[in-house]
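For ligands, and for the atoms within them, numbers begin at 1 and follow the listed sequence. Model, not experiment: these values are computed from the prediction.
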Amino acid sequence: MSRFWSDTVRNILPYVPGEQPQDKKYIKLNTNENPYPPSPKVIEAIRKEIGSDLRLYPDPEASLLKEALAGFYRVKPGEVFVGNGSDEILAFCFPAFFNPGDVITFPDITYSFYPVYAELFGIRYETTALNSDFTVDLGSFPEHADGILLANPNAPTGIAVGLNEIEVLLQRNSNKLVIVDEAYVDFGAESAVPLVKDYDNLLIVQTFSKSRALAGLRIGFAIGNRDLIEALDRVKNSFNSYTLDRVAIRAATEAVNDKEYFAEITGRIIKTREETAKRLVSLGFNVLPSRTNFLFVSHDRLSGMELYSMLKNDGILVRHFNRKGIENYLRITIGTEEEMEALVERLSCYVKSV
Ligand SMILES: *Cc1c(COP(=O)(O)O)cnc(C)c1O
């Protein structure tokens, strides 16, 4: 603490990302990274981009990437915003769409960055309880809220709501902006992108960090009607003209264009997820229905903390949230088949010994 700290810095409780230990080699199933490398075409594009052109600023509009995304999602380039990870875009949403004193609402168990952004930008927030089966009650958001922020599928539960339910939510809340964080949508959930043309209160945020295996490059995007995108552009251009560097723009464009590779690795992760879920159920674990690249699981005879510690001891990192209501759950990222084999083997040992 220094006497030069602002009140904001003094009071804020920053988000704590999952461990990225640099000391020993773990089987890393704790931050929902993709177990597979980026597309070979992405690596090749990065190699080509590294040269004397790095002395030049990147295209501040990242038009190449916006056009690729617009083509892939069948929207117009003007309906696409790109940013330095979807975290940055989610952060921009707060000053772009809300005033101090406005209320934004989201479930109490969801991505824990949302309340941090609200604090940072001085926007009030109210949370609503999940149902007892961990599904989101879409009717529970307070009427007086100015905006709704929904992770779909939700994190860390992995549970998704369908497109029809999103459409009903948009109709019932036509006077509120609904931001849908689809970080995990490519692992078997339904995207709300097709609704953008009919609903001016819908903004979708997605990331290249999970399904496109590019967490290290920091790329996210948003899709919504032009006027919403313009608001994000205004915030970005009042903050940093060049949020995406030349290498990221080129690499992300190749990632979008390599549809076959994308389909292959997401398909593989979904298959591994389903097999792992079955095996964990047979070991007595309670496994929530996941449409993501992770499983949210608990066991009656072993606490979340115990399981987390035993696994860490054995070289396997998973995520444990020390939070009321989910303290007995572990969030386990889907790794390669071999990694999940090692995980199941360890867990079956622990279960047999209690
Ligand atoms: C991983 C994640 C993000 C952030 O992704 P980045 O693009 O890496 O910043 C956003 N929302 C949710 C729910 C996530 O799990």
- Task: For the pair F285 and F296, evaluate ring pair (Phe, Tyr, Trp, His ring centres under 6.0 Å) and give the outcome as yes or no after the intermediate values.
- Result: CA-CA 10 Å; F285 281 86; F296 203 51; over 10 Å; no

- Query: Of all the heavy atoms in D181, does at least one lie under 4.0 Å from an atom in ligand 1?
  - Reply: yes

- Message: Could you identify the single nearest non-hydrogen protein atom to atom 5 (O) of ligand 1 and state the distance to 0.1 Å?
- Response: S86 OG, 3.0 Å

- Note on the structure: Near T207 (heavy-atom distance under 4.0 Å), the atoms of ligand 1 are 5 (O), 6 (P), 7 (O), 8 (O)

- Using heavy atoms and a threshold below 4.0 Å, how should the contact between Y184 and ligand 1 be classified: side chain, backbone, both, or neither? side chain

- Query: Does F208 have a heavy atom less than 4.0 Å from any atom of ligand 1?
  - Reply: no

- Counting each atom of ligand 1 from 1 as listed, which ones have a heavy atom of S209 under 4.0 Å away? 6 (P), 7 (O), 8 (O)

- Query: Are side-chain heavy atoms of V178 and L203 found at a separation under 4.5 Å?
  - Reply: no

- Task: Report the residue from R273, M340, E274 that forms a side chain to side chain contact (heavy atoms under 4.5 Å, CB included) with L295.
- Result: R273

- Message: Between R279 and E341, does any NZ, NE, NH1 or NH2 come within less than 4.0 Å of an OD or OE carboxylate oxygen?
- Response: yes

- May I ask whether E88 has any heavy atom positioned less than 4.0 angstrom from an atom of ligand 1? no

- Among R212, R331, K210, whose heavy atom sits nearest atom 3 (C) of ligand 1? K210

- Note on the structure: Under 4.0 Å from one or more heavy atoms of R218, ligand 1 contributes atoms 6 (P), 8 (O), 9 (O)

- Query: Taking only heavy atoms of G85, which atoms of ligand 1 are found under 4.0 Å from at least one of them?
  - Reply: 7 (O), 9 (O)

- Item | Nitrogen or oxygen atoms of D87 and ligand 1 under 3.5 Å apart | yes

- Item | Derivation and outcome, ring pair (Phe, Tyr, Trp, His ring centres under 6.0 Å), residues F121 and F92 | CA-CA 9 Å; F121 291 103; F92 284 173; 8.3 Å; no

- Task: Report yes if some heavy atom in the side chain of F294 is under 4.5 Å from a heavy atom in the side chain of F187; otherwise report no.
- Result: no

- Has the side chain of R212 got a donor or acceptor atom that lies under 3.5 Å from a matching backbone atom of F262? no

- What is the distance from atom CG of L228 to atom CG of N201, rounded to the nearest 0.5 Å? 8.5 Å

